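A quick note: this is a predicted structure, and the numbers were derived from the prediction, not measured. So you know, we letter chains A, B, ... as the sequences are listed, proteins then strands, and number each from 1.
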Amino acid sequence: MDVKAPKGTADILPPDSEDWRRVVEKGTALFRTYGYREIMLPVMEHTEVFARGIGQGTDIVQKEMFTFTDKGGRSLTLRPEATAGVARAFIQHRLDAAGLPVKLYYRGPMFRHERPQAGRYRQFRQLGVELIGSPYPAADAEVIVLCAGFFSGLEIETDLAINSVGDDECRPAYVEALRKYLGRHEGKLCGDCRRRAVENPLRVLDCKVEGCAEVIAAAPTIEDYLCGPCREHQGELEDLLRAVSLPFRRDGRLVRGLDYYTRTVFEFQDPKLGGQNALAAGGRYDNLVKELGGKPTPATGFSIGMERVMLAGPRQEGRSEDGVFVVAIGETARGKAFLTAQGLRGAGIRADLDHLRRSPKAQMREADRGGFAFSVIIGEDELAGGYYTLRNMSAATQERVEEAELLETLRRRLDESGA
RNA sequence: GUGGGCGUAGCUCAGCCGGCAGAGCACUGGGUUGUGGCCCCAGAGGUCGCGGGUUCAAGUCCCGUCGCUCACCCCA
């Protein structure tokens with residue numbers, strides 16, 4: 001029995017899980033203010049969904065998927081990303097029937113079989129949105145601005161890079177030109193890039209090998225090949241971003257590892273992170289829904305890598321003290337302490353008590369460590385007199401509270417200390 | 001898939017040229033008949049990753065192996 005989590009997976013334990021929860025809740029609350037609603041998807045799909053959606057030639061499909069055969073002989077795959085699954089659900093449930101656009105957000109684990117390293121895991125969590133049904137630049141602008149809002153809300157500084165990868169009209173001509181260019185400079189390319197130059201020339205653009213970088217610097221860029229409509233789309237998007245004063249950098253070499261992107265692609269990068277610097281990425285995918293068998297439906301969206309966000313150090317509000325720890329002194333007080341804690345919990349106040357029958361000192365220590373604002377002390381005297389001793393932990397002051405008034409007094413005191 | 005670094009207490013790590021397995025933090029109890037944080041005392045906690053070899057003797061040296069980690073590739 002191996003008592004370790006599988007390679008590339010991790011447990012997120014308290015108190016870290018509390019930080020995660022806050023970030024996720026803040027993000028999803030923001031998504032809702034933009035009109036997005038949650039879609040909850042299976043973590044696995046028929047392999048076909050990803051093979052056709054993401055693209056047969058991509059690294060993800062060729063070597064990074066957790067694929068298995070179920071007992072019925074079907075090939076299933078743990079989702080390496082969510083967009084293909086969203087598109088599948090959109091088609092299956094005819095989500096367009098209620099009118100477009102459809103605005104959805106999702107969260108949850110994704111799986112890719114890669115060698116783990118900082119900011120890269122085999123199971124990782126994403127938070128993302130999809131805006132399905134609009135072909136217009138304002139849709140791209142909305143998701144980009146939304147994503148920027150997510151980061152600014154956490155006080156994470158990011159660089160925004162955008163590009164257009166063209167569409168069916170203009171991309172083929174560019175790819176052809178690039179292939180020819182790379183062919184002429186084959187001698188200077190690394191082995192991988194020589195292969196890529198033939199199979200998937202766009203991928204050469206983000207190669208970091210020195211010799212390749214030199215070739216890439218002088219390579220034709222997509223910009224020069226964009227067709228009129230794509231150029232116009234890009235221009236309008238940039239105007240909108242400028243109109244809301246969102247700084248961006250146009251990066252003609254920004255390409256994505258998924259085939260479904262058309263026109264707009266973008267990436268939010270953390271300049272302080274090393275190799276794995278993309279905190280979030282997305283773009284337009286006007287062909288995906290059609291590719292999976294639905295009606296041609298334009299769409300745009302992004303996905304945020306939660307592990308990387310946590311690595312980037314989102315600002316966390318300090319943990320404030322709250323709630324009450326009920327201290328029972330002596331055998332006979334325990335029953336009363338249990339009832340008291342239950343009463344407080346029922347009233348919506350965080351309350352806890354000792355479960356190990358420990359000394360008063362140990363109980364006070366637990367109250368301290370647990371970050372409680374108050375402790376309620378019940379001993380022989382209190383039992384006999386029908387009152388509680390209420391202790392303000394940070395002020396180290398105590399007061400006598402009549403039994404019937406505990407809840408009211410506590411509410412008032414918590415209110416005072418919370419403000 | 002390729003290359004580097006590291007595996008000793010729950011965590012972070014020390015352990016020299018081979019000679020009784022340690023510290024800090026955390027945890028438990030006590031110093032205070034019923035009171036936390038600071039301090040003091042005590043305690044509990046170990047397959048030194050695993051397997052083999054060398055040696056009177058291995059955490060330490062050698063070989064193998066597994067794991068973790070970082071980088072490349074790729075990507076969130």
Short side-chain to backbone donor-acceptor contact, A:Arg358 and A:Gln363, under 3.5 Å: no
Side chain A:Arg120 and base B:C73 donor-acceptor under 3.5 Å: yes
Short N-O contact, A:Arg22 and A:Asp19, less than 4.0 angstrom: yes
Short N-O contact, A:Arg413 and A:Glu416, less than 4.0 angstrom: yes
Provide, to the nearest angstrom, the distance between the [atom1] atom belonging to [X] and the [atom2] atom belonging to [N].
{"X": "A:Leu279", "N": "B:C75", "atom1": "CG", "atom2": "P", "result": "16 Å"}
{"X": "A:His113", "N": "B:C73", "atom1": "NE2", "atom2": "C1'", "result": "14 Å"}
{"X": "A:Tyr121", "N": "B:A71", "atom1": "OH", "atom2": "P", "result": "10 Å"}
{"X": "A:Arg369", "N": "B:C38", "atom1": "CZ", "atom2": "P", "result": "11 Å"}

Touch class at under 4.0 angstrom, heavy-atom based, for A:Arg308 against every strand present: base
Sugar-phosphate, base or nothing in reach of A:Lys63, heavy atoms under 4.0 Å: nothing
Rounded distance in Å between the C1' positions of B:G46 and B:C39: 29 Å
B:G30 and B:G34, which share atom name P, separated by this distance in whole Å: 9 Å
OP1 or OP2 of B:A76 under 4.0 Å from side-chain N/O of A:Gln126: no
Closest-nucleotide ordering on RNA chain B, the 5'-leading residue of A:Ala281 and A:Thr397: A:Thr397
Over-ring placement of A:Arg112 relative to A:Phe66, 6.0 Å and 45° cut-offs: no
